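Below is one structure, written out as structure tokens; comments come after it.
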Number of protein chains: 4
Amino acid sequence: MNSPTPRRQVFRLSREQRVAEIMSAAREVFREKGYEDAPLSDIAERAKVVEGSIYRYFENKRDLLVKVIEDWYEGMLADYDLQLAGIRGTRNRLRFMIWRHLSTIHEEPALCNLMFQHLRTGGDYSHTAVHELNREYTRRTLDIIKEGIEAGELREDVPLRLVRDMIYGCTEHRTWAYLRGEGDFDPDATADMIVDLVLSGLERRKPQQPATPDLAERLERAVARLETMTGSAAP
Amino acid sequence: MNSPTPRRQVFRLSREQRVAEIMSAAREVFREKGYEDAPLSDIAERAKVVEGSIYRYFENKRDLLVKVIEDWYEGMLADYDLQLAGIRGTRNRLRFMIWRHLSTIHEEPALCNLMFQHLRTGGDYSHTAVHELNREYTRRTLDIIKEGIEAGELREDVPLRLVRDMIYGCTEHRTWAYLRGEGDFDPDATADMIVDLVLSGLERRKPQQPATPDLAERLERAVARLETMTGSAAP
Amino acid sequence: MNSPTPRRQVFRLSREQRVAEIMSAAREVFREKGYEDAPLSDIAERAKVVEGSIYRYFENKRDLLVKVIEDWYEGMLADYDLQLAGIRGTRNRLRFMIWRHLSTIHEEPALCNLMFQHLRTGGDYSHTAVHELNREYTRRTLDIIKEGIEAGELREDVPLRLVRDMIYGCTEHRTWAYLRGEGDFDPDATADMIVDLVLSGLERRKPQQPATPDLAERLERAVARLETMTGSAAP
Amino acid sequence: MNSPTPRRQVFRLSREQRVAEIMSAAREVFREKGYEDAPLSDIAERAKVVEGSIYRYFENKRDLLVKVIEDWYEGMLADYDLQLAGIRGTRNRLRFMIWRHLSTIHEEPALCNLMFQHLRTGGDYSHTAVHELNREYTRRTLDIIKEGIEAGELREDVPLRLVRDMIYGCTEHRTWAYLRGEGDFDPDATADMIVDLVLSGLERRKPQQPATPDLAERLERAVARLETMTGSAAP
DNA sequence: GATGAATGAGAATTCATTCAT
DNA sequence: GATGAATGAATTCTCATTCAT
């Protein structure tokens with residue numbers, strides 16, 4: 001009847017290798033086509049497996065997406081810590097975080113879109129490992145601010161989480177057009193602007209209490225005069 | 001699917017009425033099911049027309065979505081101006097803008113999701129009337145800040161557009177979880193926090209220790225009197 | 001790019017006609033291949049529509065099956081009543097019912113299998129129109145038995161529904177092998193056997209009444225006495 | 001799907017033990033999910049082997065099903081004979097057979113469904129060991145009836161196989177709803193009803209018909225004698 | 001102006017089965 | 001003897017969109 005379909009050449013890989021192959025292929029295809037427009041068949045083809053094989057390792061298409069983003073995040077986080085370790089000072093460290101986020105968006109707009117549009121909006125997001133990784137990711141920013149407070153550089157009443165939302169919200173809002181494929185932006189310049197703006201509201205008003213030092217001086221001087229008059233000297 | 005050809009009662013409506021009916025139905029269905037999961041058949045059914053008729057008034061599904069959001073925005077903007085007209089003071093006006101945005105998200109999370117996920121991310125967004133409306137919408141915020149600067153309340157070097165991104169970015173970032181269906185938030189309290197944080201970085205810092213200057217003056221005057229009494233002049 | 005796929009020749013039919021076409025095609029294909037082995041694509045092809053069109057009229061494959069059987073049943077029931085009207089006598093009418101059931105199995109083994117294996121066993125069967133039709137179908141048998149009782153031909157304590165189960169159960173059990181594709185059976189002869197067996201347990205045992213033996217004895221004794229009296233002995 | 005290659009602990013079992021493990025797992029899974037909805041992977045998992053291993057002991061999924069039912073039947077038959085040995089009297093023994101069948105259905109509806117829907121309907125059924133076992137199973141019923149005839153309790157002209165079909169057909173028909181998951185039934189009461197109905201058609205009408213002809217003859221003869229005595233002749 | 005029948009093209013998914021190791 | 005990676009082939013179902021009537 002019909003000749004027994006000749007089995008394609010089978011390459012046997014370990015689970016880890018195969019998973020890596022598929023995720024790598026998926027990352028590429030998702031990057032090129034987005035989520036909805038990326039057929040599993042494309043991913044399978046690029047990973048050199050049949051579609052069905054993907055389901056051995058991933059529950060479904062969404063699971064594959066989640067894992068791809070997860071994998072990407074993990075790589076990034078390791079990098080973060082490495083670089084952050086060499087940076088000192090609240091402003092510098094904060095600027096690095098913002099710049100890094102902007103750079104990521106700049107370099108991987110497609111994956112970021114995946115994250116922003118498909119993962120973060122899903123009802124199951126908070127049960128996701130990506131969610132956890134993201135907390136990890138933004139926690140560094142919180143830590144930097146906390147350290148700034150402890151070092152006396154920042155006001156003590158800074159609403160931590162709101163500042164974090166402000167930083168990331170501002171960063172992303174700034175890049176919507178770019179993510180949409182319109183125009184470009186300069187991560188360096190943008191990072192400078194954002195860090196300036198953010199810190200302008202958080203830094204201790206040392207130079208800025210111009211009235212206060214004057215007052216203190218004047219009071220001290222007045223007191224000194226009184227002291228002179230009364231003949232009592234400071235010890 | 002099953003019923004014996006329900007000879008549809010044809011209601012003749014004016015073009016405007018028909019369009020309104022369809023948009024109203026679409027808004028409901030989109031609100032309930034989102035974009036992808038809202039079949040045109042559902043919308044047609046609810047609007048009491050057949051699917052084909054929708055194409056008489058709208059180019060395609062996306063066009064319908066765009067029009068629905070557009071319509072919604074228009075209603076909102078009129079409202080904005082009305083209310084904003086009665087509010088005085090940079091802080092108050094800014095707080096209103098933020099509070100209003102938060103309230104909208106709070107009341108219409110589904111439509112906001114549509115806007116954030118489906119419209120704003122589309123490559124064609126910037127050619128959209130919604131885009132224009134949105135500029136309109138955020139322009140009011142810019143105007144308020146400008147007025148604040150002109151009134152001398154805000155620093156002169158405020159990076160206007162970045163502040164706008166900060167306001168809206170922060171606002172939206174704050175509400176992601178809610179938009180995802182998790183938990184709740186209080187628009188009033190959140191608006192207060194955000195406006196505080198934003199203004200803390202923008203306000204002119206002279207008049208900012210309002211108590212202090214008075215005190216300084218009174219003290220100085222008191223000291224002067226003392227000096228007068230003792231007949232000793234400052235050096 | 002790719003030339004706009006030339007639309008196939010579209011034949012427009014009324015809903016009723018199209019439904020009839022599809023059901024007819026489905027009946028054939030189901031008959032030939034059974035349920036599981038009948039791809040919708042085959043049915044679509046034979047009905048000269050595309051697969052998707054089937055879903056305009058039927059919720060899913062199972063719904064199509066249900067409707068096909070339903071349609072078939074409806075035709076049968078009309079026939080039943082017509083023929084039954086011309087038959088008199090409990091035995092004859094009962095025999096007709098049994099014979100008709102056997103004939104149906106004999107003529108449409110495949111559709112019967114569909115009914116027995118796929119419909120009757122489904123958890124949703126009792127909410128089905130087929131279920132209702134089937135009740136209708138077997139109700140005639142109950143009626144015949146009831147009439148037999150009222151006419152004094154059958155015992156009054158006949159457990160109606162159990163008898164129905166016995167008739168249909170026996171009939172079907174007899175035909176399992178045939179339904180499986182093994183051998184053949186003669187509906188006429190089988191009907192005769194079954195009706196005999198069934199009625200043998202249901203018919204009034206006119207002479208059999210337990211009162212009779214007593215009566216017989218008493219009569220015999222009376223006769224014996226008469227004989228004694230007359231002095232004549234039995235031969 | 002997800003776990004990091006769980007280096008499976010390999011338990012070496014004898015062929016018999018392994019087969020038993022798999023069959024036991026399969027019986028459970030089939031019971032819970034039916035045939036079509038039971039993936040081999042589930043069975044393998046529960047049997048603590050990999051899917052491929054099942055093919056070492058069973059030709060394919062259907063073979064596994066057949067073996068599972070076979071195994072189940074074997075257990076039942078042994079039981080039957082044991083219990084039947086202690087029961088005397090045609091009615092009692094027949095009732096036991098019916099009751100036992102009903103009880104089996106009552107206790108193992110899922111396995112019975114497997115048997116009724118999947119095995120008995122397959123074209124290969126009659127070449128199956130289950131078929132043979134089933135003949136064995138129903139042969140006991142035939143034997144009981146035969147013994148009843150030989151003992152003079154039952155009519156001599158009982159159509160043996162038809163009676164068997166009637167018994168099992170009735171029994172099963174009665175329980176379709178239960179097998180479908182609707183409602184319940186009482187095996188004891190049902191067995192009583194069925195055995196009554198069946199025997200009502202099979203039992204010798206000793207007291208009844210055989211007496212009757214005798215009586216009639218004797219009466220006629222007595223009447224004839226009386227007539228002789230009285231000198232009046234029949235016309 | 002409206003209807004609603006029909007299209008079409010895919011897209012995800014499932015699993016029994018095989019076979020290299 | 002067992003593993004478990006990989007296959008493959010089909011199959012159901014969904015819907016936006018078109019267009020003859």
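Values below: all heavy atoms of this structure, side chains included; hydrogens, waters and symmetry mates excluded. Quick caveat: nothing in here was measured; it's all calculated off a predicted structure. Quick note on labels: first sequence line is chain A, next is B, and so on, each numbered from 1.
- Of all non-hydrogen atoms in D:I54 and D:L64, the two that sit nearest each other are CG2-CD2, 4.3 Å.
- Atoms CG and CD, on D:D37 and D:E32 in that order, are 12.5 Å from each other to the nearest 0.5 Å.
- Rounded to an integer number of Å, the gap from C:N60 CG to F:dC13 C1' is 9 Å.
- Taking atom NZ of B:K48 as the reference point, atom C1' of E:dG4 lies 18 Å away to the nearest angstrom.
- Remark: D:S53 is not in phosphate contact with F:dA2, judged by side-chain N or O atoms under 4.0 Å from OP1 or OP2.
- Distance CE/B:M23 to OH/B:Y57: 13.0 Å, rounded to 0.5 Å.
- Among the duplex regions that DNA chain E forms, those built from at least three successive Watson-Crick or G-U pairs under 3.5 Å are E:2-21 with F:2-21, ordered by first number.
- Taking atom CD1 of A:I43 as the reference point, atom P of E:dT13 lies 11 Å away to the nearest angstrom.
- Separating the CD atom of C:E16 from the P atom of E:dA5 is a distance of 9 Å, rounded to the nearest angstrom.
- Distance check: D:L65 CG to D:L119 CG gives 4.5 Å after rounding to the nearest 0.5 Å.
- For the pair C:L13 and A:R62, nearest-nucleotide mapping onto DNA chain E gives the more 5' position to C:L13.
- Between the P atom of F:dT7 and the CD atom of A:E21 lies a distance of 11 Å, rounded to the nearest Å.
- Below the 3.5 angstrom threshold, one finds no donor paired with an acceptor across the side chain of B:E51 and the base of F:dC15.
- Between C:G52 and A:G52, the residue anchored closer to the 5' end of DNA chain F is A:G52, taking for each the nucleotide with the nearest heavy atom.
- The CG-C1' distance, from B:L40 to F:dT18, rounds to 13 Å in whole Å.
- Both B:Y35 and A:I54 lie close to DNA chain F; mapped to their nearest nucleotides by heavy-atom distance, the more 5′-ward contact belongs to A:I54.
- A search for salt bridge (charged side-chain N to carboxylate O under 4.0 Å, His left out) contacts involving D:R62 returns D:D124, not counting sequence neighbours.
- Comparing C:S14 and A:S41, the nucleotide of DNA chain E nearest to each residue sits closer to the 5' end for C:S14.
- For C:Y55, a side-chain nitrogen or oxygen approaches OP1 or OP2 of F:dC13 to under 4.0 Å.
- Taking the six-membered ring for Trp and thresholds of 30 and 60 degrees, D:H131 and D:Y125 have ring planes more than 60 degrees apart, a perpendicular arrangement.
- Between D:Y57 and F:dG1 there is no side-chain N or O to OP1 or OP2 distance below 4.0 Å.
- One interatomic measurement links the two molecules: CZ of D:R18 to C1' of F:dT3, which rounds to 11 Å at whole-angstrom precision.
- With hydrogens and angles ignored, a donor-acceptor pair closer than 3.5 Å exists between the side chain of A:R56 and the base of F:dA6.
- Across all strands, C:A47 comes closer than 4.0 Å to no nucleic acid atom at all (heavy-atom distances).
- Nearest nucleotide to the A:K61 side chain, out of E:dT13, E:dT17, F:dA2: E:dT13.
- A salt bridge does not link A:R46 with A:D42: every distance from a Lys NZ or Arg NE/NH1/NH2 to an Asp or Glu carboxylate oxygen is 4.0 Å or more.
- Salt-bridge formation is detected for the pair B:D63/B:K67: a Lys NZ or Arg NE/NH1/NH2 atom is positioned less than 4.0 Å from an Asp or Glu carboxylate oxygen.
- Regarding C:Q17, its CD atom lies at a distance of 14 Å from the C1' atom of E:dA6, rounded to whole Å.
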